[in-house]
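Written out below as structure tokens is the structure these notes cover.
Chain naming here is simple, since letters A, B, ... match the order of the sequence lines and numbering starts at 1 in each. Below, each value reflects all heavy atoms present in this structure, side chains not excepted, and no hydrogens, waters or symmetry copies.
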Protein chains: 2
Amino acid sequence: MTQDNPVRLRDVARVAGVSQGTASNVFNRPEIVRQEVRERVEAAAKELGYAGPSLTGRLLRAGKINAIGVATAEPLTYFFEDQWARTMMAAIAAECDKQGAGLSIVSAMNRGRPAWNIQSALVDGLILLCAEEGPALIGQTEKRELPFVALGLEESTIDAPGVGIDNRDGARQAAEHLVALGHRRIAILGIGESWNALWPTPEEVLATPYLTVRDRAEGYWAGLATAGIAAADVPYADTDAERETVWAAMSRLFAAERPPTGVLAMSDRVALFAIEWLKGNGRRVPEDVSVVGFDGIPEGADTLPALTTVQQPFQELAARAVGAILGGEEIAARTVLPLPLVVRGSTGPAPKSEL
Amino acid sequence: MTQDNPVRLRDVARVAGVSQGTASNVFNRPEIVRQEVRERVEAAAKELGYAGPSLTGRLLRAGKINAIGVATAEPLTYFFEDQWARTMMAAIAAECDKQGAGLSIVSAMNRGRPAWNIQSALVDGLILLCAEEGPALIGQTEKRELPFVALGLEESTIDAPGVGIDNRDGARQAAEHLVALGHRRIAILGIGESWNALWPTPEEVLATPYLTVRDRAEGYWAGLATAGIAAADVPYADTDAERETVWAAMSRLFAAERPPTGVLAMSDRVALFAIEWLKGNGRRVPEDVSVVGFDGIPEGADTLPALTTVQQPFQELAARAVGAILGGEEIAARTVLPLPLVVRGSTGPAPKSEL
DNA sequence: GCGCACATTTGAACCGGTTCAAGGAATGTC
DNA sequence: GACATTCCTTGAACCGGTTCAAATGTGCGC
């Protein structure tokens with residue numbers, strides 16, 4: 001039905017007995033065409049089954065596509081399955097809605113190999129969701145000479161336009177919040193996939209390749225230091241952000257003689273699994289144990305108790321990135337936004353018995 | 001930095017001292033160009049800051065864009081926030097990954113008004129995620145003379161290529177499952193936004209404008225009828241799929257003298273809220289109350305207990321839709337897929353005391 | 001030295017529209 | 001009736017490439 005329909009504007013014009021220029025005007029500025037002619041052209045179009053000017057032809061002339069692309073080094077499903085990506089995308093999508101722009105999503109890697117897609121995406125600019133392969137992604141993108149903005153870029157060594165977040169300061173606030181509530185025995189739930197040590201020392205933690213993890217860990221330690229707690233005395237358990245490893249980590253942490261009363265989780269997902277474990281193991285949140293997450297995904301606001309967390313400014317990140325691409329606002333090489341702490345129900349005063 | 005760079009292939013060719021045709025070949029079929037010439041052209045390109053052939057120019061010639069669009073009548077955020085849409089999109093994305101195709105998402109409505117976007121999306125074809133505005137969406141799409149497939153279309157009256165699911169039969173299976181486990185007092189949790197009656201009669205339920213709700217309700221009743229349970233005797237509570245209304249519905253249902261032992265929820269989201277309520281109100285799942293969801297979203301498999309549900313064949317829906325668009329396989333006007341029941345931990349035998 | 005096969009390169013014709021200066025017809029004015 | 005206006009329409013240039021038949025050059029065998 002919708003097969004190759006070689007009807008061009010030219011043909012419509014010929015059938016209607018007008019020049020191609022006039023036919024073009026019928027579709028783009030109908031008000032300047034005399035009504036009788038306009039109707040003749042429209043009739044011809046209908047008769048020939050002409051679906052309107054081809055976008056590519058128009059595009060060639062116009063130059064602007066009016067769509068932005070979001071690229072990542074993960075498969076396309078990442079955009080809909082990963083919680084952080086999803087939340088970030090919702091914010092970006094809201095921004096595009098506002099501006100009436102289209103949104104293309106692009107996977108720069110296909111089955112583990114760099115894919116051609118980033119070179120061929122029809123967009124006016126790209127937002128890069130950098131997880132691990134940030135630098136490679138940026139390299140690919142630079143070739144295209146399109147405006148782009150990197151979000152979540154870890155490597156501060158790369159000099160590319162990007163908007164980042166102050167992980168270190170956010171983590172510090174989270175730790176100071178627990179300290180201010182009287183907590184002194186506080187554990188950290190890390191995110192990473194390297195399992196070098198069961199109880200890594202601070203030095204081992206800092207050896208991770210993930211800058212995010214390093215920054216957040218350092219921020220936690222800095223916050224705890226204000227209460228005189230040394231980094232080496234803070235139990236640190238690594239997880240891969242799945243329920244199984246989080247539960248395992250919690251079991252280890254709470255098997256201690258004097259278990260923690262506060263937990264600092266490096267992501268909301270981990271925090272939610274931790275709360276699940278606590279509830280399932282007879283501890284009340286926040287009466288017995290307080291938990292602070294990180295990221296501020298919507299799911300965290302929706303649970304019982306609602307999660308106290310370090311909120312990423314998704315909407316502002318999105319606004320800046322989209323603005324930079326559609327509006328052409330230059331972005332400083334590395335803009336860093338502060339992270340507010342959002343206090344909700346999952347944190348409370350340290351149990352009295354522990355004072 | 002990435003400003004208007006009016007460097008065209010033509011310019012590169014001139015600087016390199018070759019014809020434009022040869023320059024074109026350097027980028028597209030480098031193997032047929034003599035090495036020395038190739039290097040000369042590449043050098044010229046680098047010198048001029050030429051980012052490679054413009055996509056629009058190429059496109060004009062090639063015709064294929066190698067991307068599909070997914071459109072809906074909701075704002076763009078719908079794709080990342082609605083659970084059904086998200087799951088469907090993940091499946092579609094996986095399919096696109098396989099085929100190496102790009103993916104554009106399109107909102108056909110902007111602030112409640114039909115938007116231009118669906119006319120201007122650069123795609124080879126469209127998948128329509130029809131929620132409520134299905135017919136309008138289809139109308140807009142037909143104008144474009146592009147291949148398209150409607151998913152989730154309710155109105156069987158519309159004669160458009162689409163893939164649907166057998167809601168009625170899925171619901172019937174869910175009901176028969178509870179019946180087979182010995183349940184006899186079974187309640188239905190509906191989804192809808194019409195609050196005509198607190199305890200709607202079957203006739204009132206069928207008056208809903210949502211075909212999905214009608215089909216699922218009829219399926220439930222048909223399944224219960226096999227145990228001699230009349231539709232009029234099945235408590236039906238409507239919700240808007242938010243925690244608040246689901247909890248209110250559960251309160252009403254379980255305030256009865258002889259409360260239900262089985263709950264049929266028209267969506268997994270509703271089912272999960274229902275389980276949350278049950279747990280919070282001293283009922284064990286599935287020992288005291290069994291719950292069956294509908295849709296098969298991933299979150300349902302991940303909770304405790306895992307949710308028994310009617311599984312939508314997301315992957316197959318996606319495969320058919322994407323195949324139809326990229327592969328040009330014609331799709332019958334209305335293909336309907338069966339829905340399997342997935343039995344997990346949230347259903348069990350009716351409590352003995354109730355037998 | 002000649003003819004032929006092969007490897008490259010060229011030039012021109014598209015791809016499908018948009019735009020704008022310039023031309024022409026109808027209307028209005030004096 | 002001459003001239004100025006106003007309103008439409010036309011024709012041609014242009015957007016940035018791709019493609020392919022034909023032209024050019026090159027090397028080789030005899």
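The side chain of Ser19(A) sits closest to dG11(D) out of dT19(C), dG11(D), dC15(C). For Leu9(B), counting side-chain heavy atoms from C-beta on, the closest listed nucleotide (dT10(D), dG17(C), dT18(D)) is dT18(D). When distances are taken from the side chain of Arg29(B) to each of dT19(D), dT18(C), dG16(C), the shortest belongs to dT19(D). Candidate nucleotides dG17(D), dT19(C), dG17(C) were compared by shortest atom distance to the side chain of Arg61(B), and dG17(D) ranks first. The side chain of Tyr50(B) lies closest to dG17(D), out of dG17(D), dT9(C), dG16(C). Taking every side-chain heavy atom of Arg58(B) into account, dT18(D) is the closest of dT18(D), dT18(C), dC8(D).
Across the interface with DNA chain C, nearest-nucleotide mapping of Arg10(A) and Asn25(A) shows Arg10(A) to be the residue nearer the 5′ end. Heavy-atom nearest nucleotides on DNA chain C were determined for Val18(B) and for Leu60(B), and the one closer to the 5' end corresponds to Val18(B).
Put simply, CG on Asn28(B) is 17 Å from C1' on dT8(C), counting in whole angstrom units.
At a threshold of 4.0 Å, the pair Arg320(B)-Glu316(B) counts as salt-bridged, since one of the basic side-chain nitrogens sits closer than that to a carboxylate oxygen. A salt bridge links Glu36(B) with Arg40(B): the distance from a Lys NZ or Arg NE/NH1/NH2 to an Asp or Glu carboxylate oxygen falls below 4.0 Å.
Partners of Phe80(A) under the ring pair (Phe, Tyr, Trp, His ring centres under 6.0 Å) rule, at least two apart in sequence or in another chain, are Phe80(B).
Contact between the side-chain N/O atoms of Thr56(B) and the OP1/OP2 oxygens of dG16(D) is not found at any separation under 4.0 Å. Checking the phosphate oxygens (OP1, OP2) of dC15(C), a side-chain nitrogen or oxygen of Arg8(A) falls inside 4.0 Å.
Between the side chain of Gln20(B) and the base of dG11(C), no donor-acceptor pair of N or O atoms lies under 3.5 Å.
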